[in-house]
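Below: the structure, in structure tokens.
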Amino acid sequence: FQTRWMKLLCLAVNTAVDLHILLLVSLPGCTPQRCGRAVTDSVVTREEAQVLRRLAERGLALAGSEGGASILDLHSGALSMGKQFVNIYRYFGDQIGDVFTQEDFQLYRDVRGRIQAVIAETFGLDPTLMYLTKPTFFSRINSTAAKTQHDEYWHPHIDKVTYGSFDYTSLLYLSDYGSDFSGGRFVFMDQNGNRTVEPRAGRVSFFSSGSENLHRVEKVTWGTRYAITVSFTCDPAHAISDPALP
């Protein structure tokens, strides 16, 4: 495992991040040996990312948001449709077998496992005590104006605050900044200056989900940005299973 860059930002136990850290302390094996972030190009190949992008394109072609941000969640079946969400497994029924294959889902599971392993290695965790959690989803972002609050992806936020169950967050990029789209970079907002990740197909960015990693995504100005958010929790009560075709 080789990181492109890493910045550690462990905070003293008297700050706003205490609640996040203390919750993890009660769950041995999932407590980070260090908090921080990393980026690697060595976990997922570009070819695998291209296969997953085609999966996302097929799924999102079934509907999509009216604004610039659409999501596809293979676990819950949630798919953006206009200003709301539908369950693709119920809405499209048997037709879903014409959109996705068992091989698609197997690659998705394999990639998820590799991402989980590299997060565990980097943070000194027991990977068997990390659990996939929701929401874990594909995203498609373009320059179309936002129509609902769900479309406003660019606001600064902390994943632990926004999603609750997140303890570790990862992004797998499926398209390239500068050639597939402009804007859309991932920005960590640090007190001493921002740190920016440029998406590239196959690149994985991952980080501890507390207030040490306040972040935002730049607005996409042209083209289309595809990515997968894969999230993990230390609490088995918030665990979800890998997706499977009905």
Side-chain angles (χ1 to χ4, degrees), residues 1-10 29-57 74-75 103-133 135-141 159 166-182 184-188 190 194-210 212-213 215-218 223-234 242-243:
F1 166 66
Q2 296 179 345
T3 57
R4 187 172 180 85
W5 56 261
M6 178 182 287
K7 182 175 178 64
L8 301 179
L9 292 168
C10 290
C30 197
T31 304
Q33 301 301 306
R34 53 190 183 273
C35 53
R37 60 183 76 139
V39 177
T40 178
D41 295 327
S42 305
V43 173
V44 180
T45 68
R46 287 185 64 84
E47 291 73 22
E48 289 171 328
Q50 288 165 357
V51 172
L52 291 170
R53 173 173 169 168
R54 289 193 291 269
L55 184 163
E57 289 172 338
L74 294 181
H75 301 265
E103 291 76 16
D104 290 333
F105 277 60
Q106 185 58 55
L107 176 59
Y108 181 92
R109 291 189 290 267
D110 289 347
V111 165
R112 187 275 305 161
R114 276 181 258 155
I115 292 172
Q116 183 168 344
V118 77
I119 293 174
E121 178 184 351
T122 302
F123 287 103
L125 315 175
D126 180 346
T128 67
L129 298 178
M130 296 170 61
Y131 306 93
L132 197 65
T133 194
T136 286
F137 56 91
F138 290 87
S139 59
R140 180 186 69 194
I141 304 174
D159 284 353
F166 283 28
D167 290 311
Y168 302 96
T169 307
S170 71
L171 283 301
L172 165 59
Y173 297 106
L174 307 179
S175 51
D176 294 336
Y177 169 79
S179 56
D180 294 317
F181 63 92
S182 183
R185 294 181 301 177
F186 191 99
V187 182
F188 290 105
D190 300 339
N194 292 342
R195 302 291 186 273
T196 302
V197 178
E198 292 187 354
R200 175 186 176 188
R203 175 165 291 168
V204 179
S205 170
F206 57 91
F207 50 94
S208 49
S209 305
E212 68 277 10
N213 281 314
H215 60 273
R216 65 182 180 88
V217 174
E218 295 175 334
T224 305
R225 176 192 191 269
Y226 286 92
I228 310 175
T229 297
V230 183
S231 46
F232 297 95
T233 182
C234 296
D242 280 317

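Reckoned from all heavy atoms, side chains included, excluding hydrogens, waters and symmetry mates. Residues: numbered from 1 along the sequence shown.
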Practice problem: Please examine the side chains of Tyr108 and Thr136, heavy atoms only from C-beta on, and report whether any two atoms are closer than 4.5 Å. | Solution: yes
Exercise. With rounding to the nearest 0.5 Å, note down the distance linking OH in Tyr168 to OG1 in Thr233.
Key: 10.0 Å
Exercise. Would you name the heavy atoms of Ser205 and Val197 that are closest together and state the gap between them?
Key: OG-CG2, 4.3 Å
Practice problem: State, to 0.1 Å, how close Val204 and Ser170 come at their nearest heavy-atom pair, and which atoms those are. | Solution: CG1-CB, 4.5 Å
Quiz item: Among side-chain atoms of Gln106 and Arg109, is any donor-acceptor pair under 3.5 angstrom?
Solution: yes
Quiz item: Does Ser208 reach the main-chain N or O of Gly210 with its side chain, forming a donor-acceptor pair under 3.5 Å?
Solution: no
Self-check item: Any side-chain heavy-atom pair of Phe138 and Leu74 under 4.5 Å
Solution: yes
Self-check item: Considering all heavy atoms, the nearest Ser175-Arg53 contact
Solution: CB-NH1, 3.4 Å
Quiz item: By ring-ring contact (aromatic ring centres under 6.0 Å, His included), which residues pair with Phe207, not counting sequence neighbours?
Solution: Phe186, Phe188, His215
Quiz item: Rounded to the nearest 0.5 Å, what separation is found between the CD1 atom of Ile119 and the SG atom of Cys30?
Solution: 10.0 Å
Quiz item: Can you check whether Glu48 reaches Asp110 side chain to side chain, under 4.5 Å on heavy atoms?
Solution: no
Practice problem: Give a yes or no on whether the backbone of Thr196 and the side-chain of Arg185 come within a donor-acceptor separation of less than 3.5 Å. | Solution: no
Quiz prompt | Minimum-distance pair of heavy atoms, taken over all atoms of Ala49 and Gly202 | solution = CB-N, 3.4 Å
Self-check item: Donor-acceptor side-chain pairing of Thr133 and Ser231 below 3.5 angstrom
Solution: no
Practice problem: Find the distance between CZ (Arg114) and OG1 (Thr40) and round it off to the nearest 0.5 Å. | Solution: 11.5 Å
Quiz item: If you look at every heavy atom in Ala201 and Arg46, which pair is closest and at what distance?
Solution: O-CG, 3.3 Å
Exercise. Quick one: pull up CZ in Arg37 and CG in Asp190 and give me the separation to the nearest 0.5 Å.
Key: 4.5 Å
Quiz item: From Asp176 CG over to Phe181 CZ, what is the distance, rounded to the nearest 0.5 angstrom?
Solution: 7.5 Å
Quiz item: Considering only heavy atoms from C-beta outward, does the side chain of Tyr226 approach that of Pro199 to under 4.5 Å?
Solution: no
Practice problem: May I ask you to test the Asp159-Asn213 pair for a side-chain heavy-atom distance under 4.5 Å? | Solution: no
Quiz item: Side-chain contact, heavy-atom cut-off 4.5 Å: Leu107 with Leu52?
Solution: yes
Quiz item: Taking all non-hydrogen atoms of both residues, which atom of Leu132 and which atom of His75 are closest, and how far apart?
Solution: CD2-CE1, 3.2 Å
Quiz item: Is a side-chain donor-acceptor pair under 3.5 Å present for Arg112 with Gln116?
Solution: yes
